[in-house]
K.L.:
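Okay, handing you the structure first.
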Amino acid sequence: GLVYALYQNEPNPFVGTTNIGFVLPESGSATLTINDVSGKVIKVIRGDYAQGLNYVTLDKADLLSSGVYYYTLESGEFSETNKMILID
């Protein structure tokens, strides 16, 4: 069966937009939280997603400036964090 997974955003580093892919073992709610390096929450995306592979697109306008960010997927008992880089 399917298991939770959070994938590296593509492209990374990114200039304009980037896609974050993740897998849910069954359809349901998930929360993607974007933090800057200091831990400040920059953006929270909540949604109900399908079983299997889903994508969330982030635009550089969603973020403050170029630099390193962390994105965390939380769904059910699952939580995982990856790093992404926005460049000018």
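Heavy atoms only: backbone and side chains are in, while hydrogens, waters and symmetry mates are out.
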K.L.:
Does CD belonging to E80 count more than 12 external heavy atoms closer than 6.0 Å?
P.N.:
yes
K.L.:
Before giving the answer on side chain to side chain contact (heavy atoms under 4.5 Å, CB included), spell out for D88 and V15 the whole-Å C-alpha distance, their side-chain angles and the decisive distance to 0.1 Å.
P.N.:
CA-CA 6 Å; D88 285 329; V15 177; over 6 Å; no
K.L.:
Report yes if the side chains of P25 and V3 come closer than 4.5 Å at any heavy-atom pair, otherwise no.
P.N.:
no
K.L.:
If we only count heavy atoms from C-beta on, is the T72 to S79 side-chain gap below 4.5 Å?
P.N.:
yes
K.L.:
Contact between F78 and L24 at the side-chain level, heavy atoms closer than 4.5 Å - yes or no?
P.N.:
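In short, these two side chains do not touch, never coming nearer than 4.5 Å.
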K.L.:
Which value, rounded to the nearest 0.5 Å, describes the distance between E74 atom CD and Y4 atom OH?
P.N.:
11.5 Å
K.L.:
Compare every heavy atom of L6 with every heavy atom of N82, then report the nearest pair and how far apart it is.
P.N.:
ND2-O, 3.6 Å
K.L.:
Side-chain heavy atoms under 4.5 angstrom apart, residues restricted to Ile, Leu, Val, Met, Phe, Trp, Tyr: same cluster for I45 and V23?
P.N.:
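They do not share one cluster, since no chain of ILVMFWY contacts under 4.5 Å joins I45 to V23.
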K.L.:
Filter on salt bridge (charged side-chain N to carboxylate O under 4.0 Å, His left out), then keep only pairs touching residues 29-45, sequence neighbours left out; what's left?
P.N.:
K43-D62
K.L.:
Aromatic rings F22 and Y49: how do their planes relate, parallel, tilted or perpendicular, breaks at 30° and 60°?
P.N.:
perpendicular
K.L.:
Do Y71 and I85 share a hydrophobic cluster, counting only Ile, Leu, Val, Met, Phe, Trp and Tyr and linking them when any side-chain heavy atoms are less than 4.5 Å apart?
P.N.:
no
K.L.:
For L63 and F14, work out which heavy atoms get closest and say how close.
P.N.:
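Residues L63 and F14, closest heavy atoms: CD1-CZ, 3.7 Å.
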K.L.:
Do L86 and Y55 belong together in a cluster built from hydrophobic side chains that touch within less than 4.5 Å?
P.N.:
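Result: no, two separate clusters.
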K.L.:
Quick one, V44 and R46 - any side-chain contact, counting heavy atoms below 4.5 Å?
P.N.:
yes
K.L.:
Apply side chain to side chain contact (heavy atoms under 4.5 Å, CB included) to residues I34 and M84 and explain how you reach the verdict.
P.N.:
CA-CA 10 Å; I34 314 300; M84 63 182 174; 3.7 Å; yes
K.L.:
Is it true that L58 and Y70 fall in one hydrophobic cluster, defined by side-chain heavy atoms closer than 4.5 Å?
P.N.:
no
K.L.:
Short question: side chain of Q8, backbone of K83 - any donor-acceptor pair under 3.5 Å?
P.N.:
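Yes; judged by distance alone, with no hydrogens or angles, the pair exists.
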K.L.:
Could you tell me if T18 and N9 have a donor-acceptor pair between their side chains, going purely by distance under 3.5 Å?
P.N.:
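Yes.
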K.L.:
side-chain hydrogen bond (donor to acceptor under 3.5 Å, both in side chains) with T57: which residues, sequence neighbours excluded?
P.N.:
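Applying side-chain hydrogen bond (donor to acceptor under 3.5 Å, both in side chains) to T57 gives N19.
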K.L.:
Restricting to side-chain hydrogen bond (donor to acceptor under 3.5 Å, both in side chains), what partner residues turn up for N35, sequence neighbours left out?
P.N.:
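With neighbours one apart ignored, the set is empty.
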K.L.:
Show the numbers, then the answer: is there a side chain to side chain contact (heavy atoms under 4.5 Å, CB included) between T17 and K60?
P.N.:
CA-CA 6 Å; T17 62; K60 74 173 187 182; over 6 Å; no
K.L.:
Compare every heavy atom of S29 with every heavy atom of S75, then report the nearest pair and how far apart it is.
P.N.:
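Reported closest heavy-atom pair: OG-O, 2.8 Å.
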K.L.:
Any idea which heavy atoms bring A5 and L73 closest together, and the distance?
P.N.:
O-CD2, 4.2 Å
K.L.:
Just by distance, do the side chain of N54 and the backbone of A50 share a donor-acceptor pair under 3.5 Å?
P.N.:
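Present.
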